[in-house]
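First comes the structure, then the notes that go with it.
The figures here come from the full heavy-atom set of this structure, side chains too, leaving out hydrogens, waters and symmetry mates. Along the sequence shown, residues are numbered consecutively beginning with 1.
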Amino acid sequence: MTEMTARSLLIKITCGAEAAERANQAWTVAAMGLTAGASVSVWLTGEAVWFAVPGRQPSLDLPYATPVAELIESVRLGGSITVCTQCAARRDLVVQDLVESASIQGAASFVEAALAENVQALVY
């Protein structure tokens with residue numbers, strides 16, 4: 001019997017409240033990835049960076065959806081959250097502005113993570 005190698009899930013979220021269903025779907029998939037035992041890394045670009053800023057997180061308020069704040073907290077505790085360097089700079093954000101354990105990294109780091117072995121990358 002062949003042992004399966006655990007896969008990692010890399011999710012890039014490119015939208016915020018302006019595309020609430022898409023953003024919520026991304027956070028839901030990230031949280032379900034953790035539940036399934038995957039290593040999960042969420043990368044935030046554009047308006048999605050606000051999901052990593054306490055007090056500025058969009059509340060998506062979608063019927064039948066888990067509140068996004070709960071999904072973000074699940075990912076923060078069980079996976080990782082990274083904010084795009086340029087996107088943070090354009091919004092005058094520094095790592096101290098972000099939720100605990102979040103980081104700021106650039107495109108080269110995203111590409112490196114996406115090209116790693118056994119990684120499934122999804123973009124929302």
Side-chain angles (χ1 to χ4, degrees):
M1 181 176 209
T2 305
E3 186 177 313
M4 288 187 59
T5 303
R7 290 183 69 186
S8 296
L9 189 56
L10 176 66
I11 299 175
K12 182 181 245 188
I13 306 175
T14 63
C15 59
E18 77 284 0
E21 286 185 291
R22 185 165 29 121
N24 193 84
Q25 180 66 21
W27 285 109
T28 300
V29 168
M32 290 303 101
L34 289 169
T35 300
S39 170
V40 175
S41 178
V42 171
W43 288 66
L44 305 173
T45 65
E47 288 301 298
V49 302
W50 298 114
F51 288 117
V53 181
R56 297 288 306 267
Q57 293 175 340
S59 135
L60 304 179
D61 294 324
L62 292 169
Y64 312 108
T66 301
V68 74
E70 291 178 28
L71 298 170
I72 294 167
E73 186 64 3
S74 293
V75 173
R76 187 188 73 75
L77 293 173
S80 67
I81 298 175
T82 304
V83 171
C84 155
T85 301
Q86 291 180 21
C87 302
R90 282 191 283 273
R91 290 158 181 84
D92 294 320
L93 297 172
V94 295
V95 74
Q96 292 81 3
D97 296 320
L98 306 179
V99 294
E100 186 179 338
S101 76
S103 65
I104 296 175
Q105 296 182 47
S109 296
F110 176 80
V111 170
E112 181 181 352
L115 294 177
E117 192 171 334
N118 294 315
V119 172
Q120 175 66 55
L122 303 172
V123 178
Y124 288 87

Determine the minimum heavy-atom distance between [X] and [Y], stating which atoms define it.
{"X": "E47", "Y": "G16", "answer": "CB-N, 4.1 Å"}
{"X": "R22", "Y": "T14", "answer": "NH1-OG1, 3.5 Å"}
{"X": "V75", "Y": "A30", "answer": "CG2-CB, 3.7 Å"}
{"X": "T45", "Y": "C87", "answer": "CA-SG, 3.8 Å"}
{"X": "L60", "Y": "A23", "answer": "CD1-CB, 4.1 Å"}
{"X": "S103", "Y": "L98", "answer": "O-CD1, 4.0 Å"}

Cluster question for you: counting only ILVMFWY and a side-chain heavy-atom cut-off of under 4.5 Å, with indirect links fine, are [X] and [Y] together?
{"X": "V123", "Y": "L9", "answer": "no"}
{"X": "M32", "Y": "V119", "answer": "no"}
{"X": "V53", "Y": "V95", "answer": "yes"}
{"X": "L44", "Y": "L93", "answer": "yes"}

Find the distance between CD (Q120) and CD1 (I11) and round it off to the nearest 0.5 Å. 9.5 Å

Nearest 0.5 Å please: distance from the OG1 atom of T85 over to the CZ atom of R90. 10.0 Å

Taking C-beta and beyond as the side chain, do [X] and [Y] meet within less than 4.5 Å on heavy atoms?
{"X": "I72", "Y": "V42", "result": "no"}
{"X": "T28", "Y": "N24", "result": "yes"}
{"X": "Q57", "Y": "V99", "result": "yes"}
{"X": "E70", "Y": "E73", "result": "no"}
{"X": "L10", "Y": "L122", "result": "no"}

Is a donor on one side and an acceptor on the other found under 3.5 Å between the side chain of D97 and the backbone of V94? yes

Please confirm whether the backbone N or O of I104 pairs with a side-chain atom of T82, one donor and one acceptor, at under 3.5 Å? no

Has E18 got more than 12 heavy atoms of other residues, nucleotides or ligands less than 6.0 Å from its CD? yes

Atom CZ of residue position R56 - does it have more than 12 heavy atoms of other residues, nucleotides or ligands inside 6.0 Å? no

Partners meeting side-chain contact (heavy atoms from CB on, under 4.5 Å) with S80 (sequence neighbours left out): S41

Ring pair (Phe, Tyr, Trp, His ring centres under 6.0 Å) pairs touching residues 31-66, sequence neighbours excluded, are W27-F51, W43-F110

Under the side chain to side chain donor-acceptor pair (under 3.5 Å) test, residues paired with S39 that sit two or more places apart: none

